[in-house]
Trainee: 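Supplied in structure tokens, the structure appears directly below.
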Amino acid sequence: MRPVSAQTTIDAPREVVFERLLDLSLRPSFTDHFLSEMRLQRVEPYGVGASARFRIGDSGPWLDTAIAEVEPPYRITEHGHGGRENRIPTFTVWEIVDAPGAGCELTVTFWTEPSYFVDRIHEPWPVRSLRRGWKRAVRRLAEELETGAPEQPIGVGGGPRIPY
């Protein structure tokens with residue numbers, strides 16, 4: 001699938017946005033309208049190695065993502081798999097740059113690289129709905145950060161987050 005991007009300007013410091021994106025337990029607060037059933041795959045949901053599993057839509061295919069590379073406070077790269085038998089590689093890149101004034105500009109890009117011919121033909125993710133979903137997600141994240149909405153992390157296995 002070709003890359004799907006969404007971009008917004010956030011009236012918050014770049015470092016604050018970067019820290020919020022590094023914690024996968026906080027993702028459902030702004031992506032739950034198009035990603036459902038998010039489950040953490042590690043006890044520690046923060047930083048490189050943090051991973052989660054979720055569905056696209058209410059009954060769509062499952063997708064895994066893991067934070068693979070971090071370039072503070074500019075870029076977060078995630079790698080994952082999804083689709084039939086989890087064999088379609090997926091990639092998500094979050095880029096944060098300074099904007100004029102006190103804010104920053106956030107861009108998220110999502111794409112897949114199916115290696116099998118059948119997967120290329122029957123890719124399970126509709127591009128149009130993913131584009132709309134990511135656009136709404138970055139707008140919701142901006143709204144949460146600008147209004148100071150309280151953070152509500154998801155837990156591991158439905159329980160509260162384990163302090164470290």
Side-chain angles (χ1 to χ4, degrees), residues 1-8 10 14-97 104-138 140-142 151 153-157 161-162 164:
M1 170 178 63
R2 64 184 187 268
V4 173
S5 292
Q7 184 175 1
T8 193
I10 302 175
R14 179 177 55 195
E15 292 77 14
V16 171
V17 176
F18 185 81
E19 291 297 318
R20 180 71 177 260
L21 292 171
L22 269 181
D23 193 344
L24 291 181
S25 69
L26 300 175
R27 293 274 175 94
S29 68
F30 61 92
T31 61
D32 62 356
H33 62 282
F34 80 112
L35 303 178
S36 63
E37 298 184 47
M38 183 169 276
R39 301 170 182 163
L40 298 176
Q41 293 186 316
R42 279 189 47 198
V43 171
E44 181 51 45
Y46 183 87
V48 175
S51 61
R53 184 167 175 83
F54 50 87
R55 282 182 178 254
I56 294 180
D58 291 330
S59 60
W62 285 95
L63 185 92
D64 298 333
T65 192
I67 297 176
E69 298 173 32
V70 174
E71 296 173 36
Y74 305 102
R75 184 182 184 122
I76 299 170
T77 304
E78 300 176 18
H79 297 174
H81 289 85
R84 184 177 169 171
E85 297 179 12
N86 239 19
R87 65 184 185 196
I88 300 175
T90 63
F91 303 91
T92 309
V93 176
W94 301 85
E95 295 174 308
I96 309 162
V97 296
C104 63
E105 209 169 89
L106 171 67
T107 304
V108 61
T109 307
F110 175 84
W111 74 95
T112 64
E113 294 179 357
S115 53
Y116 294 99
F117 179 72
V118 172
D119 293 337
R120 274 184 244 137
I121 294 173
H122 299 292
E123 203 160 11
W125 301 292
V127 173
R128 185 175 297 152
S129 65
L130 277 177
R131 184 176 293 117
R132 274 192 309 244
W134 283 118
K135 283 182 180 181
R136 185 170 173 204
V138 294
R140 287 180 67 190
L141 175 63
E151 298 175 349
I154 59 171
V156 178
R161 185 171 174 192
I162 299 171
Y164 52 99

Trainee: Let me confirm one number: the CD1-CZ distance from I10 to R14, rounded to the nearest 0.5 Å.
Mentor: 12.5 Å
Trainee: If you look only at distance, which donor and acceptor atoms sit under 3.5 Å apart when one is on a side chain in residues 26-35 and the other is two or more places apart or in another chain?
Mentor:
| from | atom 1 | to | atom 2 | distance (Å) |
| --- | --- | --- | --- | --- |
| R27 | NH1 | E78 | OE2 | 2.9 |
| R27 | NH2 | L21 | O | 2.8 |
| R27 | NH2 | E78 | OE2 | 2.6 |
| S29 | OG | R20 | NH2 | 3.4 |
| S29 | OG | L26 | O | 2.8 |
| S29 | OG | E144 | OE1 | 3.0 |
| S29 | OG | E144 | OE2 | 3.4 |
| T31 | OG1 | R27 | O | 2.8 |
| D32 | OD1 | R140 | NH1 | 2.7 |
| D32 | OD1 | R140 | NH2 | 3.0 |
| H33 | ND1 | R140 | NH1 | 2.9 |
| H33 | NE2 | G133 | O | 2.9 |

Trainee: Report the C-alpha distance between F54 and T65 in whole Å, list the side-chain angles of each, state the deciding distance to 0.1 Å, and finish with yes or no for side-chain contact (heavy atoms from CB on, under 4.5 Å).
Mentor: CA-CA 9 Å; F54 50 87; T65 192; 3.6 Å; yes
Trainee: Between N86 and D64, what is the shortest heavy-atom contact and its length?
Mentor: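 Between these two residues, the closest heavy atoms are ND2-OD2, 2.7 Å.
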Trainee: Which residues pass the side-chain contact (heavy atoms from CB on, under 4.5 Å) test with V16, not counting sequence neighbours?
Mentor: P13, L145
Trainee: From R84 CZ over to Y116 OH, what is the distance, rounded to the nearest 0.5 angstrom?
Mentor: 11.0 Å
Trainee: Could you list the residues that satisfy side-chain contact (heavy atoms from CB on, under 4.5 Å) with R128, not counting sequence neighbours?
Mentor: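 Counting only residues at least two positions away or on another chain, R128 forms a side-chain contact (heavy atoms from CB on, under 4.5 Å) with R132.
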Trainee: How would you list, by chain and number, every residue that makes a side-chain contact (heavy atoms from CB on, under 4.5 Å) with F91, sequence neighbours excluded?
Mentor: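 side-chain contact (heavy atoms from CB on, under 4.5 Å) check on F91 returns H79, P89, W111, E113.
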Trainee: Using the side-chain contact (heavy atoms from CB on, under 4.5 Å) criterion, which residues pair with A6? Sequence neighbours excluded.
Mentor: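 V108, W134, K135, V138.
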Trainee: List the residues meeting side chain to side chain donor-acceptor pair (under 3.5 Å) with E95, not counting sequence neighbours, and say none if there are none.
Mentor: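 Only R75 meet the side chain to side chain donor-acceptor pair (under 3.5 Å) criterion with E95.
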Trainee: Nearest heavy-atom pair of T112 and I88: which atoms, and what distance?
Mentor: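 Here T112 and I88 meet closest at CB-CG2, 3.8 Å.
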Trainee: Check side chain to side chain donor-acceptor pair (under 3.5 Å) between R42 and all other residues, then give those that pass, not counting sequence neighbours.
Mentor: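 Partners of R42 under the side chain to side chain donor-acceptor pair (under 3.5 Å) test: none.
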Trainee: Using side chain to side chain donor-acceptor pair (under 3.5 Å) as the criterion, list what pairs up with E71, not counting sequence neighbours.
Mentor: none
Trainee: Using the test salt bridge (charged side-chain N to carboxylate O under 4.0 Å, His left out), find all partners of R131 that sit at least two apart in sequence or belong to another chain.
Mentor: none
Trainee: Might you point out which heavy atoms bring L24 and A52 nearest each other, and give the distance in Å?
Mentor: CD1-N, 3.9 Å
Trainee: Measuring from L141:CG to L106:CG, what's the distance to the nearest 0.5 Å?
Mentor: 6.5 Å
Trainee: Assess whether side-chain contact (heavy atoms from CB on, under 4.5 Å) is satisfied between S25 and L40, documenting all intermediate values.
Mentor: CA-CA 7 Å; S25 69; L40 298 176; 4.0 Å; yes
Trainee: Side chain to side chain donor-acceptor pair (under 3.5 Å) with S36: which residues, sequence neighbours excluded?
Mentor: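 Expected list: none.
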Trainee: Quick one: closest heavy-atom pair of F18 and V70, and the distance?
Mentor: CZ-CG1, 3.2 Å
Trainee: Quick one: CD1 on I76 to CD1 on I96, what's the gap to the nearest 0.5 Å?
Mentor: 5.5 Å
Trainee: Testing the basics here: between A68 and V48, what is the closest heavy-atom pair and its distance to 0.1 Å?
Mentor: O-CG1, 3.8 Å
Trainee: Testing the basics here: between V4 and L130, what is the closest heavy-atom pair and its distance to 0.1 Å?
Mentor: CG1-C, 4.0 Å
Trainee: From L63 CG over to I56 CD1, what is the distance, rounded to the nearest 0.5 angstrom?
Mentor: 5.0 Å
Trainee: Report yes or no: does R53 contribute a side-chain atom to a donor-acceptor pair with the main-chain N or O of R39 at less than 3.5 Å?
Mentor: no
Trainee: R136: which residues meet the salt bridge (charged side-chain N to carboxylate O under 4.0 Å, His left out) condition with it, sequence neighbours left out?
Mentor: none
Trainee: Just by distance, with hydrogens left out, do T109 and S5 show a side-chain donor and acceptor under 3.5 Å apart?
Mentor: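 Distance-only check passes for T109 and S5.
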